There are 2 protein chains.
Amino acid sequence: MTAAGKVRERNAMRPASKQRLRLWLRLLRSARAIETQVRERLRIEFSITLPQFDVMAALVRTENGMTMTELSRHLMVSNGNVTGIIDRLVTEKLVLRQAPASDRRSFIVRLTPKGEALFALAAKAHEGWVDDLLADIDADEAERIVNDLDGLARNLRGGEINS
Amino acid sequence: MTAAGKVRERNAMRPASKQRLRLWLRLLRSARAIETQVRERLRIEFSITLPQFDVMAALVRTENGMTMTELSRHLMVSNGNVTGIIDRLVTEKLVLRQAPASDRRSFIVRLTPKGEALFALAAKAHEGWVDDLLADIDADEAERIVNDLDGLARNLRGGEINS
DNA sequence: ATTGAACATTTTAAGTTTAAAATATCCAGA
DNA sequence: TCTGGATATTTTAAACTTAAAATGTTCAAT
């Protein structure tokens, strides 16, 4: 038997629970490896942090901004967390907080023109980095995994799923 | 054409770079969703944090402990980070630092018997949680994704790959 | 033996993250 | 109108995280 065949046989013998545990560890490890790369490049090339990039990526899709709670849910981070990230983005004049007339509890967060311009550059670079980092995975493989992960995410209460 | 067929056609039209970007966003989202669940349950049931669990998981596999640097590389976190996590685990008497005679720069970190006992319980529970969370993915699917992610990880300098 | 580069770890500063408590506001029902 | 539960956000405390600088140690080449 080939070496690869032996690996397959050994894996097939694992109970499903062990396979899923392996999958989870791989998932975490891969996500961390990519995150580390992206974080470092964002810092060096654009002087922004990954969470700040994530917030801007959420905002750029919306016509009318998002509230703090919407951001928190979309990014799957705690609500208190968003406050600090937005504070720093406001300081850098990349986003602004607007008080809607209708509900004085909430704020609408929007990108400023400066934020839009910076994000456009960063997003373009970001797509290129990811394309390089994932170069070993072709489009079909990528789609298959995306679909598998979609099924997975439906089991987990909480987070939104977006394009 | 079926709705699923339309989705496939639309996805097939995307350039590979967009597909890879989608994959990365899904990967991050799935990992976060699982992490949130695991973190909460570890805290509630075992009063430990996820990073502390990760450290103990690394240590339990070793016969002779690991140095701080080995831990840092294995977990793919910065070296300074490990210091604080170990400090807190030492306070809880779950691990201990040993000074090896050979090299006074380094420390060997080991699980205490208390740490081993706690981790054994937590690891068993953890495997069950992950099995539930990933229940939609069968063993074959899991193995396929694991293999795909392995190929991916090889592109990324740094992190170790482990069973 | 000395020196200097490499290595292991800790420290520091800034930012992120969470859970939980506190504040302020909204809104529906009595 | 009033009251209470729900909602939106901020604050707080503790832990995590990183990058970079500082400290101490090792080791090889002189």
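Residue numbers begin at 1 in each chain, while the letters A, B, ... track the order of the sequences. This structure is a prediction, so every number in the text was calculated from the model and none was measured.
Atom-to-atom, CG of Asn81(B) to P of dT12(C) comes out at 16 Å; the value is rounded to the nearest Å. If you take CG of Leu75(B) and C1' of dT9(C), they are 16 Å apart, rounded to a whole angstrom. Atom CG of Asp103(A) is separated from atom P of dC26(C) by 5 Å (rounded to the nearest Å). Here dT17(C) presents its P atom at 18 Å from CD of Glu40(B), a figure rounded to the nearest Å. In this structure, Arg88(A) atom CZ and dT16(C) atom C1' are separated by 7 Å, rounded to whole Å. Put simply, CD on Glu35(A) is 13 Å from P on dT16(C), counting in whole angstrom units. In this structure, Ile44(B) places its CD1 atom 15 Å from P of dT18(C), rounding to the nearest Å. Distance, Asn79(A) CG to dA19(C) C1': 9 Å, rounded to whole Å.
When side chains are defined from C-beta on, Glu35(A) counts as touching Trp24(B), because their heavy atoms get closer than 4.5 Å. The closest side-chain heavy-atom distance from Glu143(A) to Asn147(A) is below 4.5 Å. You'll find the side chain of Ile34(A) reaches within 4.5 Å of the side chain of Leu27(B), heavy atoms only. A 4.5 Å side-chain heavy-atom check between Thr62(B) and Glu70(B) finds every atom pair outside the cut-off.
At dT9(C), one or more side-chain N or O atoms of Thr69(B) fall inside 4.0 Å of OP1 or OP2 (strictly under the cut-off). Neither OP1 nor OP2 of dT9(C) sits under 4.0 Å from any side-chain N or O of Arg73(B). Residue Thr83(B) has a polar side-chain atom (N or O) positioned under 4.0 Å from OP1 or OP2 of dT10(C).
The side chain of Ser78(A) lies closest to dT18(C), out of dT9(C), dT18(C), dT16(C).
Of the options Leu89(B), Val82(B), Asp87(B), Thr83(B), a side-chain contact (heavy atoms from CB on, under 4.5 Å) to Ile85(B) is made by Leu89(B) and by none of the others.
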Practice item. May I have the step-by-step check of side chain to side chain contact (heavy atoms under 4.5 Å, CB included) for His126(A) and Val130(A), ending in yes or no? Key: CA-CA 6 Å; His126(A) 175 254; Val130(A) 171; 3.8 Å; yes

Practice item. In sequence, state the C-alpha distance, the side-chain angles, and the governing distance for Phe46(B) and Phe119(B), and then conclude on ring-ring contact (aromatic ring centres under 6.0 Å, His included). Key: CA-CA 9 Å; Phe46(B) 298 100; Phe119(B) 181 77; 9.7 Å; no

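In this structure, Thr67(A) reaches the sugar-phosphate backbone alone: every heavy-atom distance under 4.0 Å involves primed, P, OP1 or OP2 atoms, never a base. As judged by a 4.0 angstrom heavy-atom cut-off over every strand, Arg97(A) is placed among residues touching the sugar-phosphate backbone only.
The stretch residues 49-57 of chain B does not touch DNA chain C, since none of its heavy atoms comes less than 4.0 Å from the strand.
Here CZ of Arg73(A) is found 13.0 Å from OG of Ser78(A). Values are rounded to the nearest 0.5 Å.
With sequence neighbours excluded, the residues forming a side chain to side chain donor-acceptor pair (under 3.5 Å) with Gln98(A) are Arg110(A), listed by chain and number.
Sequence order on DNA chain D of the closest nucleotides to Arg104(B) and Met68(A) puts Met68(A) first from the 5' end. If you find the closest nucleotide of DNA chain C to Ser102(A) and to Val82(B), the one lying nearer the 5' end belongs to Val82(B).
Listed for the Lys114(A) side chain is no donor-acceptor partner under 3.5 Å among the backbone atoms of Val95(A).
Checked by distance alone, Arg105(B) brings a side-chain donor or acceptor within 3.5 Å of a matching partner on the base of dC7(C).
In 5' to 3' order, the nucleotides of DNA chain D bounding all contacts with chain B (an atom under 4.0 Å from a heavy atom) are dA15(D) to dT26(D).
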